[in-house]
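Note on naming: letters A, B, ... go to the chains in the order of the sequence lines (proteins, then strands), and numbering restarts at 1 for each one. Predicted, not measured: the structure shown is a model, and the values here were computed from it.
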Amino acid sequence: MANHSFTAPSTGAIQLWSGTIIPTTRDAPTDAESPSHILLSRSGYVRKLGAGIYDYLPLATRVLRKISQIVRQEMDAAGSSELLLPALLPIELYAGTKRDLDYGDLLFKVTDRKQGIYALGPTHEEPITELAKAAITSYKQLPVSLYQIQTKFRDEARPRSGILRGREFIMKDAYSFHLDIDGPGGLNETYDKMFAAYTSIFNRCGLDFTAVEAEAGPIGGSASHEFMVNADSGEDTILKCPASNYAANVEKCEIGPRPAPSKGYFAGDPSGALDEVHTPNCPGIEEVAKLTKVKPQNMLKSVLFAVRSSPEDLAKSGQEYILAVVRGDHDVNEGKVRQAASVKSIELADPAKAAALGFAIGFISPRAAVGKKGVLLLVDRDAALGYDDAANKPRFWMTGADKKDYHAKHFNWQRDLGTDPLAATPHNPTTHPAGNLKATNNNLIVADVRNALAGDPSPRATGSTLITGRGIEVGHIFKLGTKYSDAMGMSILDDKQTKRSVIMGCYGIGVSRTMAASVEQNHDPDGIIWPTPIAPYHVIITTLSPSHMTVARDLATQLSTLGVDVLIDDRDERPGVKFKDADLIGIPIRLTIGDKALAEHAVEFKPRKSKDKPVNVPLTQVVARTIETLST
RNA sequence: CGGGGCGUAGCGCAGCUUGGUAGCGCGUCUGGUUCGGGACCAGAAGGUCGGAGGUUCAAAUCCUCUCGCCCCGACCA
């Protein structure tokens, strides 16, 4: 009889192992390196079909469905409605945004029989905007938020780490449309709701994660957050302040106020005469360090960027190149360079063009910027020193000699940079240690332009220092602004009958990546350990003899009625094989039915994550015990 | 795209240097003995050696081209 009640209790699944395919293996394919790839392959969840292309077998499909259901519930609760857009997109759709070019080879393209070119959607800003243009005709319909869960395609240069970075993957993407940024119905309101929804999604998935600030969008402020599953094997480095809630990725992480040098920036006597050293074939800091035995922290790293700007911008700023200088053991942060220089877009300078201007790439010193029009010298605080306060003596620097295959020792900012542009620099800027220092002729700026490191001062809590961790990005929320609506002509009349560009936000979750990230975070040498909410089954009943099937079925039925998903290992295998496989596939609770326990009218009870020996639980209590354990 | 490496049975690998009728372990199938942490014995099935061309009496092996795959880097939500 069909149950027409809207409140029908959900019934758990009962699956016989013998009735599905769970091809576990002792050895993982040679390709597999990361824990998630090895374990998901060995335990029969996924199988590789091509580079970055995977079959999702029944167990994986159940996990993906569970993650998707949690995502759906939270997205729905946040007021977003689900739709489904095509994955196959006519290339003409990108005419307005030029993203087919920006994406470049990352965009999968296919040709139809009429030689028409199509893209396989990597994300769906264009089609959703196209749809919204047609469907949203009045400001009274705003705000609105839409999402879908769908297979996405990216022609990755190098797919890797199994499911973590495939060419085909499952993603939830959501888009919101607004008339305003602030206030009721504004972008910020939805963004905050999405932040809360994401927090609750990953909490409900049972994952340990960190929400980090990411590269700011066109609107500025903290316009973007990434949700990172904490895992040592993660590809991304994140920085956290233990004293405040601040967390950010390397690209974004600010550095708190660093103590200003006692004598002022650049000030200090030379540590010796400027000596040239022959350093053949040593363009990099490490090679030079090896050859000369000078530590990287005593070197200056000079990186030349070309400013990508329109002719109008160029006329205004006059900047064509930026020479960024950081300590040899530090890394230049492009975003910070852009920000400090107040330019929108930069790229590493073309070596040939740079050489024509007199920059010997690999052997550049700050002196190379002196006297050159249109070149901004941008020096990191830790590099702009003339005196070593800790050692109480002049600061020793090694730098390039501005000619191929030579470096120079005893570089001194005041002596060797000359009066231009240094003379125009305030020498005692200690009053604003966090602000940027700008030379009056605009040719030199001292600022924070390097990547943050563990141990750097926190930007949010005085006295606290940053710590680092590794993470896997599983979610990203972003304030898009009017980028797509402008490019595709989506505007709308407001209540004052003024034409307004629609403001958008976009919000993504890597569903298949979340599955893999969970394995990266939760496994042991025996196999996967699923968090209960996303486990393919909650309970595995391991029978040690065919005669135990009656008890197994009875238990499974009781559990199923209470909403528990049960897998019964009914195979005619030796116990050892069954135990190994149960551990491998990572079901949260194993109930073993064997003669020993059965003699006491009991079954063995063992949570997967527990290191303890299994305990006997009476048949009459085991259901309650299971529910209790699953609920905590 | 640069550098390195690998394609031999479902999975893991040997054989290639020095050409001569393709092998091992795991898994699978049959029979038997076993049965609480990946059992044992006996037997069996399963491979156009990634593909194409070339050299040779003879090619998994040597040569050329090609396709696929992995790792490091560049790039990347």
Side-chain angles (χ1 to χ4, degrees), chain A residues 21 23-34 37-38 41-44 47-55 99 102-107 121-125 152-162 164-174 212 214-215 217 224-228 235-236 249-251 284 334 347-348 471-478 480 506-514 517 525-527 542-548 569 571-585 590 592-599 603-604 606 613-614 616:
Chain A
I21 50 167
T24 60
T25 60
R26 204 183 288 253
D27 300 309
T30 337
D31 321 357
E33 288 220 331
S34 62
H37 193 186
I38 292 173
S41 301
R42 278 193 58 204
S43 54
R47 194 179 174 85
K48 191 175 80 176
L49 196 61
I53 310 173
Y54 290 84
D55 296 329
R99 267 215 312 174
D102 289 350
Y103 250 92
D105 292 335
L106 209 55
L107 190 68
T123 61
H124 280 70
E125 282 83 358
K152 306 286 184 193
F153 300 87
R154 279 181 209 180
D155 195 355
E156 289 285 346
R158 186 151 91 77
R160 71 185 91 172
S161 307
L164 280 173
R165 181 177 296 276
R167 295 196 291 174
E168 177 184 313
F169 55 97
I170 299 172
M171 182 171 166
K172 187 278 312 184
D173 50 326
V212 305
E215 188 74 9
S224 174
H225 285 87
E226 291 172 349
F227 288 76
M228 316 285 279
E235 274 189 317
D236 301 304
N249 65 15
V250 176
E251 287 72 41
E334 278 197 33
E347 61 191 340
L348 281 176
I472 302 164
E473 183 189 346
V474 290
H476 197 165
I477 57 177
F478 203 82
L480 283 177
C506 75
Y507 320 91
I509 289 180
V511 174
S512 45
R513 181 181 266 193
T514 298
D526 290 322
T542 303
T543 60
L544 297 187
S545 149
S547 63
H548 302 145
D569 188 353
R571 293 174 302 169
D572 182 17
E573 286 288 351
R574 297 170 61 83
V577 173
K578 295 184 150 195
F579 294 146
K580 285 284 183 194
D581 275 348
D583 286 348
L584 195 55
I585 66 173
R590 189 183 84 209
T592 307
I593 304 180
D595 292 330
K596 284 183 193 169
L598 226 41
V603 295
E604 280 175 33
K606 178 170 183 311
K613 286 251 158 69
N616 282 358

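Comparing the same atom, P, in U61(B) and in A22(B) gives a spacing of 13 Å after rounding to whole Å.
Applying the 3.5 Å distance criterion, the base of C76(B) shares a donor-acceptor pair with the side chain of Arg165(A). Residue Arg571(A) places no side-chain atom within donor-acceptor reach of the base of G38(B), judged by atom type and a 3.5 Å distance cut-off alone. Judged by atom type and distance alone, Glu573(A) does not reach the base of G38(B) through any side-chain donor-acceptor pair under 3.5 Å. With hydrogens and angles ignored, a donor-acceptor pair closer than 3.5 Å exists between the side chain of Arg590(A) and the base of G37(B).
Across all strands shown, Tyr507(A) has no heavy atoms under 4.0 Å from either base or sugar-phosphate atoms. The residue Gly508(A) sits apart from the nucleic acid: no heavy atom pair falls under 4.0 Å.
Out of C76(B), A77(B), U34(B), the shortest distance to the side chain of Arg574(A) is found at U34(B). When distances are taken from the side chain of Asp27(A) to each of G37(B), G12(B), C75(B), the shortest belongs to G12(B). If you check U34(B), C69(B), G38(B) against the side chain of Val577(A), the one that comes closest is G38(B). Considering only side-chain atoms of Lys596(A), the nucleotide from C69(B), G36(B), A77(B) that sits closest is G36(B). Nearest to the side chain of Thr30(A), among U28(B), G36(B), G12(B), sits G12(B).
No side-chain donor-acceptor contact under 3.5 Å links Arg165(A) and Ser34(A).
In terms of position along RNA chain B, the nucleotide closest to Leu584(A) lies nearer the 5' end than the nucleotide closest to the other residue of the pair Ala32(A) and Leu584(A).
Shown here, C75(B) forms no base pair; nothing in the strands shown gives a Watson-Crick or G-U wobble contact with both key distances under 3.5 Å. Pairing partner, G7(B): C67(B), with both Watson-Crick or wobble hydrogen-bond distances short of 3.5 Å. Base pairing of C29(B) is made with G43(B), judged by Watson-Crick or G-U wobble geometry with both donor-acceptor distances under 3.5 Å. Remark: C24(B) base-pairs with G12(B). Criterion, Watson-Crick or G-U wobble with two distances under 3.5 Å. Across the strands present, G37(B) finds no partner; the criterion is a Watson-Crick or G-U wobble pair with both atom distances under 3.5 angstrom. Pair check for U61(B) finds none; no Watson-Crick or G-U wobble contact set falls under 3.5 Å. Across every strand in view, U55(B) sits unpaired, with no contact that passes the Watson-Crick or G-U test at under 3.5 angstrom.
At the phosphate of C26(B), neither OP1 nor OP2 sits under 4.0 Å from any side-chain N or O atom of Arg26(A). The side chain of Arg154(A) contributes no N or O atom lying less than 4.0 Å from OP1 or OP2 of A77(B).
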